[in-house]
2 protein chains.
Amino acid sequence: MLALSPVAQKFILHWGEMGTRWGINRTVAQVHALLYLSPKPLHAEEIAKTLAVARSNVSTSLRELQGWGIVRVVHVLGDRRDHFEAGKDVWEMFGTILEERKRREIDPTLRVLQECVAELESGREKDAETRGRLQAMRDFLTTMATLYEEVRRMPPGAIRGLAKLRGRMRKLLGK
Amino acid sequence: MLALSPVAQKFILHWGEMGTRWGINRTVAQVHALLYLSPKPLHAEEIAKTLAVARSNVSTSLRELQGWGIVRVVHVLGDRRDHFEAGKDVWEMFGTILEERKRREIDPTLRVLQECVAELESGREKDAETRGRLQAMRDFLTTMATLYEEVRRMPPGAIRGLAKLRGRMRKLLGK
DNA sequence: CTGTAAGTTCAGTCAATACAGAAATTACAG
DNA sequence: CTGTAATTTCTGTATTGACTGAACTTACAG
């Protein structure tokens, strides 16, 4: 069992707190924070002991984190147990999370909006007001989704370069 | 009381569902969806009846939505009751939400990260691994926060123009 | 003032989710 | 095979947070 340094503890607790605000289970977020800080892959028991939660809880959390694609299993020679490590590149990590959220939440929402608009157009309800609003929302989400995909498709290094574009972006938009 | 069209109902229910996934109370999201679709401002009682929830619940939800800055009170001549309307510009709306989330969640996280890094630098813990990770996270969030602020500061029209920049952005990054 | 409508706050209830511990399953060593 | 370690699944409990209805406050009309 790792004894957490006060700093690590502080970060892990805060990360867990933030998780809950974004609809992510506190333990899941804590496990992720722990793996993010850990210099080496950890096995379930280690995680459970360190965070003082049940092994079963850790098991579920790890499964979820793998579902998000930000934690993966690795194996250590001479050890039967699964070990887990978190991606260390923050840019990559947030990209992955955005991708998942898009897939799970934006895409289904777009489908619903599409259906709504279609139903309003075919049906005899001439509710122009509602239709306009739903279309606006649909167009917005579509644009965001496309924009995101473009960004995601860039080579990892280039994404980091975005940060330096601010000045140039302004000029582009100014004209 | 408004009788909701099937389409409006579908959208409102879905919006509520999405809310929960992003850490937003279902009722709050539903109230927002209803106001977003409504061609005219509504008062609390109307909302409560339409969504079939308690008035008190609506009151709380409206207060929260005002806190997010995406719903505001308006008054109707000859009517003592407060009426509420949602911002109709989706770009503006998401910008406002991002701003609030930044203020409430990103900024505090940055503060914590800053403290963590500082503590590791002053203390005799030579935990370079942890420090590096926390710094990387801090730098990432700082960059994102700054980038966001730049975008936010642009005139509303320009933001919409971002969507058309994809091709040009690629070239910029390619070089 | 007084009465009534509107809006908010509060305390208790209820439902959803998180969690622990046990049982079941899987994988492997001997 | 058999036994054991590792992991997952399941079931019941606990915690959290959402929601209601009632009490309370505020603002105004008469």
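Sequence lines set the chain letters: A, B, ... in the order given, protein chains first and strands last, and positions in each chain run from 1.
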Taking only the side-chain nitrogens and oxygens of [X], find out if one of them lies under 4.0 Å from OP1 or OP2 of [N].
{"X": "A:Arg81", "N": "C:dA27", "result": "no"}
{"X": "A:Arg26", "N": "D:dT16", "result": "no"}
{"X": "A:Asn57", "N": "C:dG21", "result": "no"}
{"X": "A:Thr27", "N": "C:dA18", "result": "no"}
{"X": "B:Ser59", "N": "C:dG7", "result": "no"}

(message) Is there, by distance only and without an angle test, a donor paired with an acceptor across the side chain of A:Ser56 and the base of C:dA20 below 3.5 Å?
(response) yes
(message) Tell me if the side-chain of B:Arg80 makes a donor-acceptor pair with the base of C:dA6, cut-off 3.5 Å, by modelled atom types.
(response) no
(message) Counting only side-chain heavy atoms from C-beta out, which of C:dG7, C:dT8, D:dT20 sits nearest to B:Val53?
(response)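 Selected nucleotide: D:dT20.
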(request) Among the candidates C:dC19, C:dT9, C:dA6, find the nucleotide nearest to the side-chain atoms of B:Arg55. (result) C:dA6
Is any side-chain N of the basic residue among [X] and [Y] closer than 4.0 Å to the acidic one's carboxylate O?
{"X": "A:Glu92", "Y": "A:Arg152", "result": "yes"}
{"X": "A:Arg21", "Y": "A:Glu17", "result": "no"}
{"X": "A:Glu129", "Y": "A:Arg133", "result": "yes"}

